[in-house]
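Proteins come first, then strands; the chains are lettered A, B, ... in the order of their sequence lines, and each starts at number 1.
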2 protein chains.
Amino acid sequence: MNIGAVAKASGVSAKMIRHYEQIGLIGHSPRTEAGYRQYQERDLHTLKFIRSARDLGFSLEQIRQLLSLWYDGERSSAEVKQLAESHLSDLDERIQALITMRDALVRLSESCCGDDRPDCPILEGLAGHVPASSSPPQLSKQKAQGV
Amino acid sequence: MNIGAVAKASGVSAKMIRHYEQIGLIGHSPRTEAGYRQYQERDLHTLKFIRSARDLGFSLEQIRQLLSLWYDGERSSAEVKQLAESHLSDLDERIQALITMRDALVRLSESCCGDDRPDCPILEGLAGHVPASSSPPQLSKQKAQGV
DNA sequence: GTTGACCTTCCCATGATGGCAAGGTCTAGC
DNA sequence: GCTAGACCTTGCCATCATGGGAAGGTCAAC
């Protein structure tokens with residue numbers, strides 16, 4: 001298989017496959033005389049693995065570890081699970097951060113009537129004059145960080 | 001005020017203040033004879049605005065627009081609100097994407113007992129052999145609230 | 001006058017990905 | 001055999017917001 005074929009079959013772009021090779025995430029593939037990279041079923045399998053891990057949000061560094069665990073018949077599933085859990089809490093943090101943003105923005109946005117007049121609680125909020133929230137702030141996820 | 005002082009007071013690093021100046025997000029500040037940037041209260045106000053908008057996840061491009069609306073006495077609050085709503089749906093998309101990842105990862109992780117044996121449904125899942133999920137996968141939405 | 005905190009500009013790095021350019025290779029159709 | 005077009009190669013640049021560091025100038029306090 002040429003790179004285009006594995007790319008299509010794996011869902012990883014040719015560009016990225018070359019990149020993964022360059023950073024050592026995957027090995028150097030053999031080349032034809034003309035210099036074309038040649039891939040086997042096994043490589044396709046690896047690329048699909050990488051693709052799945054990317055879809056779950058694992059970083060390339062984490063994928064490097066996942067691959068080495070995958071290849072290692074002596075691994076303990078605990079190691080894998082630990083990696084997954086660690087990524088999981090990272091995801092949770094990011095989700096929380098975004099939700100905090102969203103909640104704050106929703107509150108600002110709701111307080112703005114959005115008509116043709118210039119008065120705008122959103123801008124005022126950004127400028128530091130926080131609008132009185134209509135509902136009590138029991139979400140506790142307000143602007144915790146502030147300045 | 002020197003740059004260090006506004007940086008501290010605004011929560012925007014000196015590095016970033018110079019950067020914002022360079023990309024034209026804020027104007028060029030006057031300089032002392034020695035070349036030190038000099039800032040006024042007004043600049044501090046602007047930087048705090050930027051910092052708040054960054055805390056809400058607005059991109060620098062969006063902040064550029066927000067600033068110009070802020071400065072524009074003739075703006076309609078509708079324009080501001082539209083910008084906010086647009087960012088809001090972007091946030092929602094990103095949150096959903098992360099939650100989708102998290103749900104999938106949770107499902108994989110739960111199916112792995114995490115002991116010292118090598119058998120690992122997480123790796124198998126990544127390799128394409130999706131484990132049978134114990135409960136039907138309709139949980140994606142409900143968790144949007146309670147993360 | 002020295003020291004240390006602060007400032008300046010400039011370059012590089014991040015992470016994962018895409019784009020483009022200049023050029024080589026392969027293959028199908030003529 | 002020749003040519004068009006699809007495919008491959010490498011290499012550089014861009015994204016986005018931010019930080020690090022180097023080399024050097026300035027300022028204030030002691």
From A:L126 atom CG to B:L56 atom CG, the distance as rounded to the nearest 0.5 Å | 6.0 Å
For the residue pair A:C112 and B:K81, establish whether any side-chain heavy-atom pair is separated by less than 4.5 Å.
-> yes
Along DNA chain C, first and last positions that approach a heavy atom of chain B under 4.0 Å = C:dC6 to C:dC10
Which nucleotide of DNA chain D is the first, and which the last, in the 5' to 3' direction, to come under 4.0 Å of a heavy atom belonging to chain B?
-> D:dA17 to D:dC27
With a 4.0 Å cut-off on heavy atoms, is B:R18 in touch with a base, just the backbone sugar-phosphate, or nothing at all?
-> base
Give B:T32 one of three labels, base, sugar-phosphate or nothing, depending on what nucleic acid heavy atoms sit under 4.0 Å from its own.
-> nothing
Residue closer to the 5' end of DNA chain C, A:Y36 versus A:Y20 (nearest nucleotide) = A:Y20
Quick one: on DNA chain D, does B:F58 or B:E33 contact a more 5' nucleotide (nearest heavy atom)?
-> B:F58
Could you go through the salt bridge (Lys or Arg N to Asp or Glu O under 4.0 Å) check for B:R18 and B:E21 one step at a time?
-> CA-CA 5 Å; B:R18 295 193 193 97; B:E21 178 185 307; over 6 Å; no
Considering non-hydrogen atoms only, spot the tightest contact between B:L108 and B:I122 and give its length.
-> O-CG1, 3.7 Å
Check every strand shown and say whether A:S13 touches a base, only sugar-phosphate, or nothing at a heavy-atom separation below 4.0 Å.
-> sugar-phosphate
In terms of side-chain geometry, is the basic nitrogen of A:R94 or A:D90 positioned less than 4.0 Å from the acidic oxygen of its partner?
-> yes
Does NZ or CZ of B:R54 fall inside the cone over B:Y20's six-membered ring, less than 6.0 Å from its centre and within 45° of the axis?
-> no
How are the rings of B:H87 and B:F58 set relative to one another: parallel (under 30°), tilted (30 to 60°) or perpendicular (over 60°)?
-> tilted
Whichever of A:Y39 and B:H19 has its nearest DNA chain D nucleotide further upstream toward 5' | A:Y39
Is the cationic atom of A:R42 (NZ for Lys, CZ for Arg) positioned less than 6.0 Å from the six-membered ring centroid of A:Y71 and within 45 degrees of its normal?
-> yes
